[in-house]
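All values reported here derive from a predicted model rather than from experimental measurement. Nothing fancy with the numbering, it's 1 onward along the sequence.
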Amino acid sequence: MSLSLLHKLCKIAVLLFTSLNMCAQGLESIVVERYYQSDAADQSNASDNGAVVPLTVGTITYRVYVDMADGYKFSQIFGTDDHNLSVNTTTSFYNDPNYGVALNPASISAVNIRKHTAMIDSWFTTGGTASGKVGVMKSEDTDGTLGNQQNILANNPGGCIGLPITGVTGQDGLVASSPATFLVPNQLGLGTALQVLD
């Protein structure tokens, strides 16, 4: 995701927080995490595998979380004809050419999520990130990392990116799921606009 997309997501988050806070007091905040910053090895892998949208060196992958109060559960996000929901960027959304998904990333296996650049794919989710896995902030990941089959996604710039998502000290933000941590997604309000993530 580009920096301009982050600004737009933050604006959406503020609007969501403001309007939803009036209706659903369970929404405490929207959290944006800088998840990963691509390097030359990631760029080469994406290019060699025929990525439609190029993955450039320095691209930052963000994760956006809805922080709910105890006892509350996020159920869905959608738009209507009167209140459109749109997510866009001045550049492009990156999708892994082999294992990218647009809807329900929990449908990808834990074996395939660790291949190529699938872990930095663009998607919407209500928790699921791979079969049997849910996404959490890297700082809350207690089981390390799945690694990467091609030995990429290994950039470790530190700073605001935090721990790497692969390697011995890595935290990939993927932990075991349970019925309480993952909501099966529906397609309410997605329409054809979701194709921008393909």
Exercise. Is there a donor-acceptor pair under 3.5 Å between the side chain of Arg63 and the backbone N or O of Gly173?
Worked result: yes
Exercise. Do any N or O atoms from the side chain of Asn155 and from the backbone of Gln37 form a donor-acceptor pair under 3.5 angstrom?
Worked result: yes
For this session: Give a yes or no on whether Val31 and Leu27 share a hydrophobic cluster (residues Ile, Leu, Val, Met, Phe, Trp, Tyr; joining criterion: side-chain heavy atoms under 4.5 Å apart).
Result: no
Exercise. Between Tyr94 and Ala51, what is the shortest heavy-atom contact and its length?
Worked result: CE1-CB, 3.9 Å
Exercise. Tyr62, Ile30: one ILVMFWY side-chain cluster at the under-4.5 Å cut-off?
Worked result: yes
Exercise. Got a sec, which residues hit side-chain hydrogen bond (donor to acceptor under 3.5 Å, both in side chains) with Asn98, two or more places apart in sequence or on another chain?
Worked result: Asn49
For this session: Step by step, work out the side chain to side chain contact (heavy atoms under 4.5 Å, CB included) result for Ile60 and Tyr36.
Result: CA-CA 6 Å; Ile60 297 176; Tyr36 184 73; over 6 Å; no
Problem set entry | Donor-acceptor contact present, side-chain Asn45 to main-chain His116, <3.5 Å | no
Seminar exercise, completed: Here the pair of heavy atoms bringing Ser131 nearest to Ala110 is O-CB, 4.1 Å
Problem set entry | Distance-only side-chain donor-acceptor flag, Thr117 / Tyr99, under 3.5 Å | no
Exercise. Residues in side-chain hydrogen bond (donor to acceptor under 3.5 Å, both in side chains) with Thr166, at least two apart?
Worked result: none
For this session: Begin from the C-alpha positions of Met68 and Glu28 and carry the test side chain to side chain contact (heavy atoms under 4.5 Å, CB included) through to its verdict.
Result: CA-CA 5 Å; Met68 302 298 291; Glu28 292 190 328; over 6 Å; no
For this session: Would you confirm whether Asp67, through its side chain, and Ser29, through its main-chain N or O, come within 3.5 Å as a donor-acceptor pair?
Result: no
Problem set entry | Asn112 CG to Lys115 NZ distance, which is reported to the nearest 0.5 Å | 4.0 Å
Exercise. Do Ile120 and Leu146 belong to the same hydrophobic cluster, where Ile, Leu, Val, Met, Phe, Trp and Tyr are linked whenever their side-chain heavy atoms lie under 4.5 Å apart, directly or via other members?
Worked result: yes
Problem set entry | Contact summary for Pro164 and Asn156, nearest pair of heavy atoms | CD-OD1, 3.6 Å
Exercise. To the nearest 0.5 Å, how far apart are CG in Leu153 and CG in Asp42?
Worked result: 5.0 Å
Seminar exercise, completed: Scanning both residues in full, the closest heavy-atom pair of Phe93 with Ser122 reads CB-OG, 3.7 Å
Exercise. Does a side chain donor of either Tyr65 or Glu33 reach within less than 3.5 Å of an acceptor in the other side chain?
Worked result: yes
For this session: Quick one: do Lys133 and Asp143 satisfy salt bridge (Lys or Arg N to Asp or Glu O under 4.0 Å)? Show the steps, please.
Result: CA-CA 11 Å; Lys133 297 285 186 179; Asp143 66 359; 3.7 Å; yes
Exercise. Is a donor on one side and an acceptor on the other found under 3.5 Å between the side chain of Ser38 and the backbone of Thr56?
Worked result: yes
Exercise. Counting distance only, does the side-chain N/O of Lys138 pair as donor-acceptor with the main-chain N or O of Ile165 below 3.5 Å?
Worked result: no
Exercise. Are Ile161 and Leu163 connected, step by step, through hydrophobic side chains (Ile, Leu, Val, Met, Phe, Trp, Tyr) whose heavy atoms are closer than 4.5 Å?
Worked result: no
Problem set entry | Exercise: do Ser44 and Ser47 side chains pair donor with acceptor under 3.5 Å | no
Seminar exercise, completed: Correct closest heavy-atom pair for Gly147 and Arg114 would be O-CB, 3.3 Å
For this session: Kindly work out whether a path of hydrophobic side-chain contacts (I/L/V/M/F/W/Y, heavy atoms less than 4.5 Å apart) joins Val64 to Tyr72.
Result: yes
Seminar exercise, completed: Between Asp172 and Met119 the two heavy atoms that sit nearest each other are CB-CE, 3.4 Å
